[in-house]
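Single-structure report; data block below.
If you're wondering where the values come from, they're calculated on a predicted model, not measured in any experiment.
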Amino acid sequence: MPSAKGNPSKKKMKPAGAQATAAEKSVSSSAKAASAPRNIAAVLGHKPSRKTAREMLLIETRRLRAMFSEIAEHYVANTEGKIASVIDAIEARKLPAKKVDGMLKAVRGLTVKPQKGRRKDLSRIEKAAETLLKALEE
């Protein structure tokens with residue numbers, strides 16, 4: 001069914017005071033629903049059944065898992081990029097022995113347990129990379 005929005009010449013004019021047709025009412029109500037927040041219970045007009053609520057929970061939990069994976073990928077990529085830029089900077093120029101010793105101390109002082117997969121270990125690695133970047137800028 002072609003839309004009257006795209007082509008103004010096909011738009012039908014209603015006489016003043018005319019009642020809206022059922023189709024127009026459904027379009028306007030669907031437009032309101034699209035702009036309203038996603039509240040399934042409000043759309044249904046009642047509390048969803050246990051089965052429906054369970055299905056909604058599954059969908060939302062899967063979405064949460066996907067978001068977590070995406071965020072983790074971006075975090076890893078950003079931190080790896082910082083470490084790669086440190087490596088490139090070290091390879092590109094000669095550094096004073098004092099600076100190299102300080103940077104080695106920062107890397108060797110890092111205590112992580114990769115097999116545990118802890119967030120604080122990731123944070124420690126990120127902070128070490130940032131420390132190395134700052135040392136290179138000085």
Side-chain angles (χ1 to χ4, degrees):
M1 179 175 182
S3 174
K5 275 187 173 179
N7 192 347
S9 64
K10 291 187 178 182
K11 203 179 245 186
K12 293 181 181 179
M13 300 298 289
K14 288 192 293 185
Q19 294 283 337
T21 65
E24 290 171 336
K25 285 180 185 177
S26 69
V27 169
S28 66
S29 66
S30 66
K32 288 178 188 174
S35 65
R38 291 180 18 183
N39 186 349
I40 295 178
V43 172
L44 293 174
H46 56 81
K47 187 175 177 184
S49 68
R50 234 184 258 178
K51 183 179 177 183
T52 305
R54 181 179 177 274
E55 290 170 359
M56 289 188 301
L57 178 61
L58 280 171
I59 290 168
E60 291 298 322
T61 307
R62 287 183 180 124
R63 190 175 65 87
L64 180 66
R65 182 181 188 188
M67 281 190 306
F68 178 82
S69 295
E70 183 179 351
I71 291 168
E73 287 173 12
H74 287 289
Y75 180 82
V76 168
N78 289 337
T79 305
E80 282 182 346
K82 289 177 187 176
I83 295 170
S85 65
V86 169
I87 292 169
D88 291 343
I90 293 170
E91 289 176 339
R93 56 185 156 149
K94 291 188 178 192
L95 299 170
K98 188 175 181 180
K99 187 176 276 193
V100 170
D101 288 340
M103 292 172 71
L104 272 173
K105 195 175 198 179
V107 173
R108 289 180 178 159
L110 191 62
T111 55
V112 295
K113 296 179 182 175
Q115 66 277 8
K116 291 202 172 189
R118 300 181 301 191
R119 186 177 7 180
K120 69 180 180 180
D121 290 339
L122 292 174
S123 177
R124 288 176 181 166
I125 292 171
E126 183 182 28
K127 287 178 184 172
E130 288 171 359
T131 301
L132 295 173
L133 279 172
K134 286 180 184 176
L136 287 170
E137 290 173 359
E138 294 174 349

Exercise for review: Looking only at non-hydrogen atoms, find the nearest pair between Leu110 and Ala128 and report the distance.
Suggested key: CD1-CB, 4.2 Å
Check your understanding: Does NZ in Lys99 sit with more than 12 non-hydrogen atoms of other residues, nucleotides or ligands closer than 6.0 Å?
Key -> yes
Revision key, fill the gap. Value for CD (Glu130) from CD (Glu126), rounded to nearest 0.5 Å, stands at 5.0 Å
Study note, to complete from the structure: So NZ of Lys120 and NZ of Lys127: to nearest 0.5 Å the spacing works out to 11.5 Å
Review point. Do Val100 and Val107 belong to the same hydrophobic cluster, where Ile, Leu, Val, Met, Phe, Trp and Tyr are linked whenever their side-chain heavy atoms lie under 4.5 Å apart, directly or via other members?
Key: yes
Check your understanding: Please walk me through it: do Ile125 and Val112 pass side-chain contact (heavy atoms from CB on, under 4.5 Å)?
Key -> CA-CA 8 Å; Ile125 292 171; Val112 295; 4.1 Å; yes
Review point. What are the two closest non-hydrogen atoms of Ala106 and Leu132, and how far apart are they?
Key: CB-CD2, 4.4 Å
Practice item. Could you grab the distance from atom CE of Met56 to atom OG1 of Thr52, nearest 0.5 Å is fine? Key: 6.5 Å
Review point. When you check the gap from the basic side-chain N to the acidic O, do Arg124 and Asp121 get nearer than 4.0 Å?
Key: yes
Check your understanding: Are Val86 and Leu104 connected in a single hydrophobic cluster, I mean Ile/Leu/Val/Met/Phe/Trp/Tyr linked by side-chain heavy atoms less than 4.5 Å apart?
Key -> yes
Review point. If you round to the nearest 0.5 Å, how far is CD of Glu80 from OH of Tyr75?
Key: 11.5 Å
Review point. Within a radius of less than 6.0 Å around CZ of Arg54, do more than 12 heavy atoms belonging to other residues, nucleotides or ligands occur?
Key: no
Check your understanding: Could you state the interatomic distance from CD1 (Ile83) to CG (Asn78), rounded to the nearest 0.5 Å?
Key -> 11.5 Å
Practice item. Given side-chain contact (heavy atoms from CB on, under 4.5 Å), test Leu95 with Leu136 step by step and report yes or no. Key: CA-CA 9 Å; Leu95 299 170; Leu136 287 170; 3.9 Å; yes
**Study point:** Salt bridge flag under 4.0 Å for residues Arg63 and Glu60
**Key:** yes
Exercise for review: State the OG1-NZ distance between Thr131 and Lys82, to the nearest 0.5 angstrom.
Suggested key: 10.5 Å
